[in-house]
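Comments concern the structure below.
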Amino acid sequence: MGIVVYNTLSRQYEEFEPIEEGHVKIYVCGITPYDSSHIGHARPGVFWDVVRRYLLYKGYKVTFVTNFTDIEDKIIKRSQETGIPFMEIAEKYSREYIDAMDKLGVKRADAYPRASEVIPEIIEMVEGLIEKGYAYESSGDVYFRTERFQDYGALSGKNLDELMPGARVQVSGLKESSLDFALWKAADKDEPGWESPWGWGRPGWHIECSVMVLKFLGPSIDMHGGGTELIFPHHENEIAQSEAFTGVKPYVKYWIHHEMLNLSGEKMSKSIGNVLSLTHILETHDPMAVRLYLLSAHRRKILEYSEELLQSAEKGWNRIETCVENATKFLLDPDAQGLSDPTMLIEGIGKCEKEFFQAMDYDFNTPGAIAAVFDLVTAINSHIVTTGATTSDEFGRQKVGEAYALLIQCLGILGLTPRILSTLPGTREAQGDDVSQDLLKILVDMRDAARKAKDFETADYIRERLSHLGFVLEDTSSGTKVRIGK
RNA sequence: GGCGACAUAGCCAAGUGGUAAGGCAGGGGUCUGCAAAACCCUUAUCCCCGGUUCGAAUCCGGGUGUCGCCUCCA
């Protein structure tokens with residue numbers, strides 16, 4: 001059974017099969033870097049990162065491209081207000097976005113093209129569309145002749161007759177039809193722009209994506225992503241331009257849109273003003289918990305934002321991390337004891353194996369996959385942490401190893417990295433040096449001695465002080481354990 | 001007004017016609033000097049009304065509500 005995806009174009013679930021065998025080409029509409037990103041922008045970043053990781057796991061070669069729209073009215077406006085060159089503004093916020101993605105564990109794209117880098121190609125496509133009769137020049141603007149393109153409206157489920165009355169407010173007398181959209185916009189000489197066959201100007205909003213897809217991925221790609229808000233007109237127009245220009249259908253085989261992130265029932269959006277800075281959230285919360293939160297709803301469902309939801313994700317993530325930590329220590333300690341009967345653990349492994357991949361196969365159902373991970377966490381914990389652990393036999397240890405490997409694999413596909421994996425001895429972020437490790441051990445030993453002597457005041461004092469330094473002490477039946485806290 | 005999506009426990013959220021996953025919170029218990037971590041038990045007939053079916057949270061029709069798009073927007 002292969003992967004099934006929900007395609008906006010057909011409004012159905014479809015068996016996924018790349019156009020070119022073994023190679024998946026993906027383009028996702030990126031941000032317009034005129035200001036800092038908000039938490040909503042992180043949703044597609046993380047979702048598509050999981051898609052990439054899963055396709056790689058499945059053995060596909062994946063080429064992933066996402067753009068920055070660095071020429072746009074709002075950036076230009078900001079540039080005029082601040083006197084800072086528009087390229088500098090765009091670069092600053094693009095950088096900021098990539099930094100945030102890094103923190104969230106998002107793999108870098110194969111290319112991050114900027115609209116300003118593909119001006120010659122844009123001009124070329126616009127010229128081609130004019131030659132083919134799909135576009136016309138008008139006072140330095142160039143418009144796409146929408147009614148010439150037969151399939152217009154197929155993606156958004158609109159037809160031209162319905163659109164006509166809605167678009168009655170004719171903004172520009174330069175267009176043949178109110179439905180026509182700009183491919184190239186004339187600009188004043190003091191505005192940012194480029195020399196073109198139609199004079200000084202800049203590209204329209206939709207054309208850059210068509211050009212970048214063609215340049216970096218080809219005339220026909222497998223997956224195109226973006227928010228549902230972009231279905232019309234942005235993606236509808238992309239299809240029209242691209243297919244009219246290349247003559248190749250389909251421009252995109254699977255249209256994969258994600259729903260918005262809402263704040264108190266409303267789309268988080270700069271124009272509404274209900275935005276929460278992504279950078280700020282990543283500074284005040286564990287990025288991995290944020291990632292878990294972002295994956296906690298299916299991509300086609302609205303995700304509600306609240307501090308409480310983020311906190312609940314943080315607690316859930318904590319449980320996963322603690323489990324990985326406990327299992328790591330269990331496997332490193334030859335004397336660690338587990339349950340003598342590993343039946344439950346074996347069942348847990350089987351269940352997770354089945355359900356995690358089934359969920360991922362069915363339209364990248366990350367909430368379902370996360371549920372499978374939690375089930376496995378419970379199975380592992382029951383075996384190694386529960387009271388009544390009595391044996392350290394080889395078979396049981398082997399099963400813990402299997403469960404551990406599966407857990408790490410699932411987390412890897414979801415892009416969730418527990419801290420312990422980067423703090424294990426030998427890795428460069430290993431906690432502290434040998435001396436401080438020894439000092440820590442001395443303190444723990446002293447505290448244990450105090451506990452034995454029923455001097456709980458001293459014992460609690462040591463635990464309290466160590467917790468401020470980030471070390472969490474836990475007394476278990478097999479001795480005191482030290483965890484690295486947050 | 002037109003087009004589209006969604007409606008599942010206190011909150012969040014899976015569910016591909018076969019009899020309701022998972023997380024957080026709450027309650028009860030085990031372990032324990034306390035704490036922490038962990039484990040076990042416990043909390044729903046799926047917005048409403050009809051229909052199809054042996055069987056529907058899942059399919060169809062009609063309501064109601066929420067959100068998105070039709071203007072820049074992940």
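Residue numbers begin at 1 in each chain, while the letters A, B, ... track the order of the sequences.
Annotation for A/Glu457: atom CD does not count as buried by contact number, only 12 or fewer foreign heavy atoms lying within 6.0 Å.
Contacts of A/Gln311 with the nucleic acid, taken as non-hydrogen atoms under 4.0 Å apart, are absent. At the heavy-atom level, A/Ser37 lies nowhere under 4.0 Å from the strands shown. Within 4.0 Å of A/Ser306, counting heavy atoms only, lies no atom of the nucleic acid at all. Across all strands shown, A/Leu230 has heavy atoms under 4.0 Å from sugar-phosphate atoms exclusively, and none from any base. Residue contacts for A/Phe456: at a heavy-atom cut-off of 4.0 Å it reaches a base atom on one of the strands shown. If you check every strand for non-hydrogen atoms under 4.0 Å, A/Lys267 touches a base. Residue contacts for A/Lys454: at a heavy-atom cut-off of 4.0 Å it reaches no nucleic acid atom on any strand shown.
Contact of A/Arg463 with B/A35 (side chain to base): a donor-acceptor pair of N or O atoms is detected under 3.5 Å. Within 3.5 Å, a donor on the side chain of A/Lys74 pairs with an acceptor on the base of B/C72, or the reverse.
Across every strand in view, B/G50 sits in a pair with B/C60 that passes the Watson-Crick or G-U test at under 3.5 angstrom. In this structure, B/C24 forms a base pair with B/G10, meeting either the Watson-Crick or the G-U wobble geometry with both donor-acceptor distances under 3.5 Å. Here B/C39 sits opposite B/G29 as a Watson-Crick or G-U wobble pair (both hydrogen-bonding atom distances under 3.5 Å).
Where stacking is scored as ring centres under 5.5 Å apart with planes under 30°, A/Tyr13 does not register as stacked on the base of B/U16.
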